[in-house]
Amino acid sequence: MNHTTHFDTLIHARWLVTIEKDNEVLEHHTLAIRHDSIVAIVPTADAAEWTADEVVSLSEHVLMPGMVNLHGHSAMTLLRGYADDLSLMDWLQNHIWPAEGQHVNHDFVRDGSLIGMAEMFRSGTTTINDMYFYHQAVAEAAQTAGMRTLVGASILEFPTNYAKNADEYIQRAMAEREAYLNDPLITFTLAPHAPYTVSDDTFKKIVQLSEQHDMLVHCHIHETAQEVSDSLKEHGQRPFARLHNLGVLNDKLIGAHMVHLNDEEINLAARLKVAAAHNPSSNMKLASGIAPIQKMLDAGMTVGIGTDGAASNNKLDMFAETRSAALLAKVGTLNPLAVPAATALRMATLEGAKALHLDDKIGSLKVGKRADLIAIDMGSLETSPTFNVVSHLVYSAGRENVTHTWVNGQCVMRARELTTLDETALKAKAHEWRQRIQ
Ligand SMILES: CSC[C@H]1O[C@@H](n2cnc3c(O)ncnc32)[C@H](O)[C@@H]1O
Ligand SMILES: [Zn+2]
């Protein structure tokens with residue numbers, strides 16, 4: 001065996017959408033994986049003599065980077081469909097928080113996260129920027145599944161089953177983080193829930209910790225008009241101005257939603273390098289509004305895409321979110337040129353990676369990056385004929401067309417069969433939890 005031309009995995013693909021350069025699409029190329037990384041991308045004809053432990057031939061498929069879900073609560077799959085057709089605060093205060101108070105514990109978070117990760121692998125997501133309680137359970141699920149996971153250590157002022165006050169949330173998060181400092185797939189972030197659930201003092205502590213430990217901060221911000229008007233009444237300023245005064249706005253912050261930012265706030269966010277996680281389905285379903293995404297992009301902000309939780313979406317489907325991001329921008333601006341397909345696809349991959357400071361490792365197909373990849377079958381009736389694969393990926397293909405998913409070089413879904421998780425057992429778990437919750 002020649003070690004220079006023998007690989008762990010060789011993937012021969014009809015198309016490679018690399019998200020590198022200007023919408024680069026390569027045809028009939030081969031990608032080689034060794035250990036956790038992409039080590040070669042060459043025309044398939046040039047790889048004729050190459051060998052591998054596993055060779056995957058994808059004659060009608062696109063190979064592209066895995067989707068980066070920039071905002072989610074994986075464990076909330078267990079509350080999918082529990083309370084629908086409500087506004088955010090009604091949904092949270094009268095339905096979701098009471099249910100979480102009754103049912104959320106370590107096992108709930110582990111089982112719900114595993115179900116969420118299975119759903120995400122089946123829909124082409126390879127990285128989740130998560131935010132929930134029981135961080136150890138989220139991290140355990142991520143290790144079992146093999147999902148690249150940002151474990152958001154949630155912080156609120158009020159007590160939950162997980163902690164009694166902000167200091168206890170912080171202390172548990174920092175202690176639990178220790179065990180994962182060298183984990184290739186798991187990174188802890190600080191996740192203050194929202195400006196309306198976190199005090200000034202706690203935000204100041206979070207900023208200090210973020211600087212001291214080089215940790216990202218992930219927070220729901222300006223999700224609804226009510227959040228902004230309540231803050232004006234309580235603090236005499238909009239949440240964004242308050243966060244600015246507290247030093248929260250910087251390149252480590254990922255603001256989830258940011259629906260109600262005005263032009264001045266968008267320019268400030270761009271100048272301070274605050275990233276946005278756009279959640280179009282959740283924003284539509286909770287009637288929160290249409291986020292000014294094209295304005296954010298024009299101002300130079302980094303904008304990625306997220307699903308939010310399965311209780312407010314109700315899918316963890318980045319294909320659906322990417323399509324909605326492109327469509328909703330056009331409705332919001334009455335401009336068909338707003339968020340074109342290639343931009344939406346870049347937001348779902350490389351821009352999300354950039355927001356997470358992981359764009360040197362993931363987000364595009366490039367030699368030296370980690371092998372986080374997905375294959376999408378373009379041979380179906382619904383994706384025929386194929387004039388433009390980027391258009392199809394955003395407007396025509398769906399999660400059902402994803403055939404293979406690799407994370408860090410590991411194939412976690414092969415021909416729609418999960419390899420690290422047991423789909424039947426997870427469905428049984430979901431059923432058990434429904435009986436308990438009902
Ligand atoms: C502290 S993170 C988990 C916390 O957040 C709640 N949540 C889920 N989705 C949203 C949303 O869109 N806005 C605000 N809060 C949300 C979830 O139920 C947990 O309590
Ligand atoms: Zn959320």
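For ligands, and for the atoms within them, numbers begin at 1 and follow the listed sequence.
For K295, the NZ atom counts as loosely surrounded, since its 6.0 Å shell holds 12 or fewer non-hydrogen atoms of other residues, nucleotides or ligands. In the displayed structure, Q435 atom CD is contacted under 6.0 Å by more than 12 heavy atoms of other residues, nucleotides or ligands. More than 12 heavy-atom neighbours from other residues, nucleotides or ligands sit within 6.0 angstrom of NE2 on H106. Atom NZ of K330 has more than 12 heavy atoms from other residues, nucleotides or ligands within 6.0 Å. Within a 6.0 Å radius of CD in E264, no more than 12 heavy atoms belonging to other residues, nucleotides or ligands are found.
Between N313 and T307 the shortest heavy-atom distance is ND2-O, 2.8 Å.
The N/O atoms of E223, backbone and side chain alike, include one that comes under 3.5 Å of an N/O atom in ligand 1. Ligand 1 has a nitrogen or oxygen under 3.5 angstrom from a nitrogen or oxygen of D308. Geometrically, ligand 1 and E100 share a nitrogen or oxygen pair separated by less than 3.5 Å.
Listed by number with element, the atoms of ligand 1 under 4.0 angstrom from any heavy atom of I96 are 18 (O). When each atom of ligand 1 is checked for a heavy atom of H257 under 4.0 Å away, the hits are 12 (O). Proximity to W97 (heavy-atom distance under 4.0 Å) selects the following atoms of ligand 1: 20 (O).
When only non-hydrogen protein atoms are considered, atom 5 (O) of ligand 1 lies nearest to H193 CD2, 3.2 Å. Looking only at heavy atoms of the protein, atom 3 (C) of ligand 1 is closest to Y132 CD1, 3.8 Å. Counting protein heavy atoms only, atom 8 (C) of ligand 1 is closest to H73 NE2, 3.4 Å. The nearest heavy-atom contact from the protein to atom 10 (C) of ligand 1 is H220 NE2, 3.5 Å. Nearest non-hydrogen protein atom to atom 1 (C) of ligand 1 is S154 CB, 3.1 Å.
Contacts between L92 and ligand 1 below 4.0 angstrom, taking non-hydrogen atoms only, involve the side chain exclusively. Neither the backbone nor the side chain of N279 has any atom closer than 4.0 Å to an atom of ligand 1 (non-hydrogen atoms only). Neither the backbone nor the side chain of T160 comes within contact range of ligand 1; no heavy atom lies under 4.0 Å.
A salt bridge links E432 with K429: at least one charged nitrogen is closer than 4.0 Å to a carboxylate oxygen. Using a 4.0 Å cut-off between charged side-chain N and carboxylate O, R242 and E234 make no salt bridge.
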### Task
I would like to know whether E119 and R122 meet salt bridge (charged side-chain N to carboxylate O under 4.0 Å, His left out); could you show each step before the answer?
CA-CA 5 Å; E119 182 179 356; R122 285 165 56 79; over 6 Å; no
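Note that CG of L418 and CZ of F121 are 8.0 Å apart. Values are rounded to the nearest 0.5 Å. Here the CD1-SG distance, from I11 to C411, works out to 8.0 Å after rounding to the nearest 0.5 Å. A distance of 15.0 Å separates OH of Y82 from OG of S312, quoted to the nearest 0.5 Å. Annotation: the span from E227 atom CD to L88 atom CG amounts to 8.5 Å, rounded to 0.5 Å.
Near the Zn ion (ligand 2), less than 2.8 Å away, sit the protein N, O or S atoms H71 NE2, H73 NE2, H220 NE2, D308 OD1.
At a 4.0 Å cut-off, at least one heavy atom of Y196 sits close enough to ligand 1 to count as contact. By the 4.0 Å heavy-atom criterion, Y169 is excluded from the residues contacting ligand 1.
Outside the 6.0 Å centre-distance limit, the rings of H220 and H218 are not counted as a close aromatic pair.
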